[in-house]
Amino acid sequence: MEVPKDQISTLLDQGLYSSAQMLGCFLVSSPAANAESSPHLKSESLVLLGDALFREREYRRAIHTYKQALQYYKIIPKQNSTTTRSSLQSNRSSSPNSFNVSAINENEVKFKIASCYCALSDNRAALVEMEGIPSKARNLQMILLMGKLYRYARHNRAAIAYYKECLRHCPYVFEAIIALAELGVAAKDIISLFPQTSIRSGKTPFDHFDSNRWLLRYVEAQCCIASNDYKGGLELFQDLLQRFPNNIHLLLEIAKVEAVIGKNDEAIINFEKARSIDPYFITYMDEYAMILKKKCDYSMLNKLVHDLLNIDPTRPEVFVALSVLWETKDERGALTYAEKSIRTDERHIAGFIMKGNLLLAMKQPEVAVSAFRNAQELRPDIRSYQGLVHSYLALSKMKEALYAAREAMKAMPQSAKALKLVGDVHASNSGGREKAKKFYESALRLEPGYLGAALALAELHVIEGRNGDAVSLLERYLKDWADDSLHVKLAQVFAATNMLQEALSHYQAALRMNPQNEAAKKGLERLEKQMKGVDPDAPDDDEDNEVDDAEGDQEETELL
């Protein structure tokens with residue numbers, strides 16, 4: 001009773017994995033694949049079954065099956081190994097599919113086991129398997145996986161060595177280029193790895209820089225971004241985009257950087273342009289969701305989350321987008337989604353940033369510090385520094401806050417946001433306000449359009465009783481940058497100086513621009529009480545009931 005071994009390879013090639021799995025069960029249990037008389041056939045049959053299980057995403061079963069195959073492979077008599085190899089070679093499917101290789105190739109099976117462990121996020125076990133493959137036997141796919149696994153294990157020197165080896169084999173391994181940039185390798189060192197000539201193989205020489213200059217520019221752009229030179233990186237990416245119009249990868253990279261540095265309007269335009277070309281990608285869509293939330297564009301945010309759920313509800317970006325959407329309704333529910341994104345991919349930076357910001361809003365700064373630290377260890381950007389500084393300030397840990405702010409300034413010497421962070425720390429105590437003023441003014445000289453610094457400086461003027469200076473600063477900005485947050489700040493200053501009519505017009509202007517602006521809504525409510533001669537700080541009659549209701553809601557949420 002023979003089961004045709006070549007047929008399982010055909011089924012795998014055709015993508016009929018469920019049928020291949022069922023046929024594999026017959027194959028491994030057939031008398032022909034007897035463990036004692038034909039261990040080589042048994043091991044090869046088990047590998048084919050393992051391939052079917054891998055393709056069906058039954059990774060635990062695949063690992064178990066592959067390991068059984070290796071055990072049977074080890075008991076093949078040594079003297080027969082040469083003849084066995086040649087006989088199996090002739091029977092092997094000619095498929096190019098890397099997962100249809102004979103069980104006799106022990107290194108390929110170890111790679112398959114490691115791939116299963118990676119799919120299960122068990123990177124330590126994957127690395128153990130990969131280290132069992134001799135270095136000379138590793139192909140490009142294996143070398144790249146070694147680089148990733150060493151990076152996950154924080155063995156950066158070993159990771160850099162493997163990523164460099166990838167580029168010596170092939171300069172177009174983009175994952176290796178990006179990883180090396182993020183690990184701090186200079187652009188010239190990455191470019192020096194590219195094979196300068198392929199004449200012997202009859203291919204076009206790579207040193208024709210005119211035709212391949214775009215790849216060198218791409219390397220330089222990624223290195224700029226990784227070293228926090230966002231301006232230089234954006235210029236290089238924009239230059240590449242002119243040469244490759246409508247390139248989705250470039251549009252997304254540009255939009256992602258714009259999102260991180262707070263160029264929200266430009267980021268929205270580029271994210272939307274990319275979505276108009278291909279509405280089905282998910283990469284960086286959580287970053288897009290965060291911007292839409294900042295702009296209070298809830299209808300677009302709702303539509304985006306709806307679209308993402310229809311594309312692939314299992315991706316970490318989708319969980320972060322859901323977290324952003326839920327933040328306004330239920331912070332605890334939002335936190336659950338942020339944590340789910342991290343469980344799905346423990347290296348998902350946006351998940352940690354979102355988690356940290358939620359914990360900060362929920363008055364849990366000590367836990368927020370841990371989330372921002374995790375984001376920073378993966379790849380520091382201005383947002384993780386901002387989160388750390390504000391968490392430490394909430395904990396009254398001034399020394400740690402100042403250290404984190406100065407670290408941001410060292411990492412990003414050309415960043416107005418980093419300068420403002422140092423100013424924020426100094427502004428938190430009365431003795432440091434003069435220093436804070438200097439940092440805010442420096443930030444505005446570096447980036448005149450940075451409203452965050454303008455608002456912080458105006459707040460400082462108000463605290464020190466210079467309301468006139470605050471008004472003239474904000475009105476100067478209002479001429480060039482129409483923004484609802486400027487109107488709110490102006491309204492607050494006018495209300496504090498009892499110029500109620502001016503305050504009213506600015507609150508109304510803010511709400512015309514952004515009907516969802518919570519600060520404007522609360523400010524207007526308070527102002528209306530003032531205008532009626534009612535104390536705005538007096539408690540409402542039904543306030544006690546509201547507290548009881550809130551406690552009831554909390555209990556309900558916990559029960560659910």
- Query: So, do Ile342 and Phe319 sit near enough that their side-chain heavy atoms are less than 4.5 Å apart?
  - Reply: no

- So, are Lys295 and Asp297 salt-bridged, with charged N and O less than 4.0 Å apart? no

- Task: Apply the ring pair (Phe, Tyr, Trp, His ring centres under 6.0 Å) test between Phe271 and each candidate in Tyr288, Tyr284, Phe281; give the one that qualifies.
- Result: Tyr288

- Write down the atom of Leu473, the atom of Ala458, and the distance for their closest heavy-atom approach. CD2-N, 3.8 Å

- Give a yes or no on this: more than 12 heavy atoms of other residues, nucleotides or ligands lie within 6.0 Å of atom NZ of Lys110. yes

- Message: Can you tell me how the ring of His249 sits relative to the ring of Tyr218, calling it parallel under 30°, perpendicular over 60° and tilted otherwise?
- Response: tilted

- Is it true that a side-chain atom of Asn374 and a backbone atom of Ser370 form a donor plus acceptor pair closer than 3.5 Å? yes

- Message: Apply ring pair (Phe, Tyr, Trp, His ring centres under 6.0 Å) to residues Phe372 and Phe352 and explain how you reach the verdict.
- Response: CA-CA 6 Å; Phe372 290 125; Phe352 286 111; 10.0 Å; no

- Query: Between Asp424 and Tyr440, is a side-chain hydrogen bond (donor to acceptor under 3.5 Å, both in side chains) present by the stated rule, with each step listed?
  - Reply: CA-CA 9 Å; Asp424 289 346; Tyr440 292 150; 2.7 Å; yes

- Going by heavy atoms in the side chains, are Thr328 and Lys293 under 4.5 Å from each other? yes

- Message: Can you tell whether the side chains of Lys164 and Asp189 come within less than 4.0 Å, N to carboxylate O?
- Response: no

- Note on the structure: All heavy atoms of Val260 vs all of Ile382, minimum pair found to be O-CG2, 3.4 Å

- Query: Would you say Ser384's side chain and Pro380's backbone share a donor-acceptor pair under 3.5 angstrom?
  - Reply: no

- Message: Apply side-chain contact (heavy atoms from CB on, under 4.5 Å) to residues Glu317 and Glu287 and explain how you reach the verdict.
- Response: CA-CA 8 Å; Glu317 295 94 332; Glu287 301 283 356; over 6 Å; no

- Message: Whether Glu253 and Lys256 form a salt bridge (side-chain N of Lys/Arg under 4.0 Å from carboxylate O of Asp/Glu) is what I want to check.
- Response: no

- Query: Looking only at atom types and distance, does a side-chain atom of Ser115 sit under 3.5 Å from a main-chain N or O of Phe111, one as donor and one as acceptor?
  - Reply: yes

- Smallest separation among heavy atoms of Tyr17 and Ala52, with atom names: O-CB, 3.9 Å

- Less than 4.5 Å apart, any side-chain heavy atom of Gln492 and any of Lys489? yes

- Side chains of Leu241 and Asn246 in contact at under 4.5 Å (non-hydrogen atoms): no

- Item | Atom of Asn107, atom of Met142 and distance for their closest heavy-atom approach | O-CE, 3.9 Å

- Query: Got Arg347 and Tyr152 here, is their nearest side-chain heavy-atom distance under 4.5 Å?
  - Reply: yes

- Would you mind checking if Asp239 and Arg243 are paired as a salt bridge, meaning a charged N to carboxylate O distance below 4.0 Å? no

- Can you measure from NZ (Lys303) to CG (Leu301) and round to the nearest 0.5 angstrom? 12.0 Å

- Task: Check whether any side-chain N or O of Ser341 sits under 3.5 Å from a backbone N or O of Ala338 as a donor-acceptor pair, and report yes or no.
- Result: yes

- To the nearest 0.5 Å, atom CD of Glu327 lies from atom CG of Leu322 at 13.0 Å

- Task: Take Asp345 and Arg315, measure what salt bridge (Lys or Arg N to Asp or Glu O under 4.0 Å) needs, and give me the verdict at the end.
- Result: CA-CA 8 Å; Asp345 177 5; Arg315 289 273 295 269; over 6 Å; no

- Intermediate values then yes/no, side-chain contact (heavy atoms from CB on, under 4.5 Å), Ile261 and Leu234: CA-CA 11 Å; Ile261 62 175; Leu234 278 176; 4.0 Å; yes

- Query: Hey, mind stepping through Leu455 and Ser485 against side-chain contact (heavy atoms from CB on, under 4.5 Å) and telling me if it holds?
  - Reply: CA-CA 8 Å; Leu455 292 167; Ser485 61; 3.7 Å; yes

- Query: Are the side chain of Ser227 and the backbone N or O of Cys224 linked by a donor-acceptor pair below 3.5 Å?
  - Reply: yes

- Give, for atom CG of Asp278 and atom CD1 of Ile248, the distance between the pair rounded to the nearest 0.5 Å. 4.5 Å

- Do Arg275 and Met285 come within less than 4.5 Å of each other through their side chains, counting heavy atoms only? yes

- Take the angle between the ring planes of His155 and Tyr150 and call it parallel below 30°, perpendicular above 60°, tilted in between. tilted

- Task: Identify, with sequence neighbours excluded, every residue that meets salt bridge (charged side-chain N to carboxylate O under 4.0 Å, His left out) alongside Arg124.
- Result: none

- Message: Suppose we screen for side-chain contact (heavy atoms from CB on, under 4.5 Å). Which residues come up paired with Ser135, at least two apart in sequence or across chains?
- Response: Arg138

- Check whether any side-chain heavy atom of Tyr163 sits under 4.5 Å from a side-chain heavy atom of Leu144, and report yes or no. yes

- Message: Rounded to the nearest 0.5 Å, what separates atom CG in Leu419 from atom OG in Ser442?
- Response: 6.0 Å

- Indicate the ring-plane relationship of Trp326 and Tyr337, choosing parallel, tilted or perpendicular according to the 30° and 60° boundaries. tilted

- Test log, rule side-chain hydrogen bond (donor to acceptor under 3.5 Å, both in side chains), inputs Asn139 and His169: CA-CA 9 Å; Asn139 59 23; His169 280 71; over 6 Å; no

- Do Lys112 and Glu129 sit within salt-bridge range, that is, some charged N less than 4.0 Å from a carboxylate O? no

- Would you say Ile254 and Glu258 make side-chain contact, with heavy atoms under 4.5 Å? yes

- Query: Is there a donor-acceptor contact under 3.5 Å from the side chain of His390 to the main chain of Gln386?
  - Reply: yes

- Provide the closest heavy-atom pair for Ala454 versus Leu444 in the form atom of the first, atom of the second, distance. N-CD2, 3.8 Å

- Message: Under a 4.0 Å threshold between the charged nitrogen and the carboxylate oxygen, would Glu235 count as salt-bridged to Arg217?
- Response: no

- Query: Distance from Leu292 atom CG to Glu272 atom CD, nearest 0.5 Å?
  - Reply: 7.5 Å

- Chi angles and distances behind the side-chain contact (heavy atoms from CB on, under 4.5 Å) call for Val173, Leu167: CA-CA 6 Å; Val173 183; Leu167 294 179; 4.2 Å; yes

- Message: Let me confirm one number: the CG-CE distance from Asn264 to Met290, rounded to the nearest 0.5 Å.
- Response: 12.0 Å

- Task: Give the intermediate values and the outcome of salt bridge (Lys or Arg N to Asp or Glu O under 4.0 Å) for residues Asp381 and Arg383.
- Result: CA-CA 5 Å; Asp381 68 36; Arg383 297 172 304 176; 3.2 Å; yes

- Query: Which pair of heavy atoms, one from Ala62 and one from Gly50, lies closest together, and at what distance?
  - Reply: CB-O, 3.8 Å

- In plain terms, say whether Glu165 and Arg168 are close enough for a salt bridge, that is, a side-chain N and a carboxylate O under 4.0 Å apart. yes

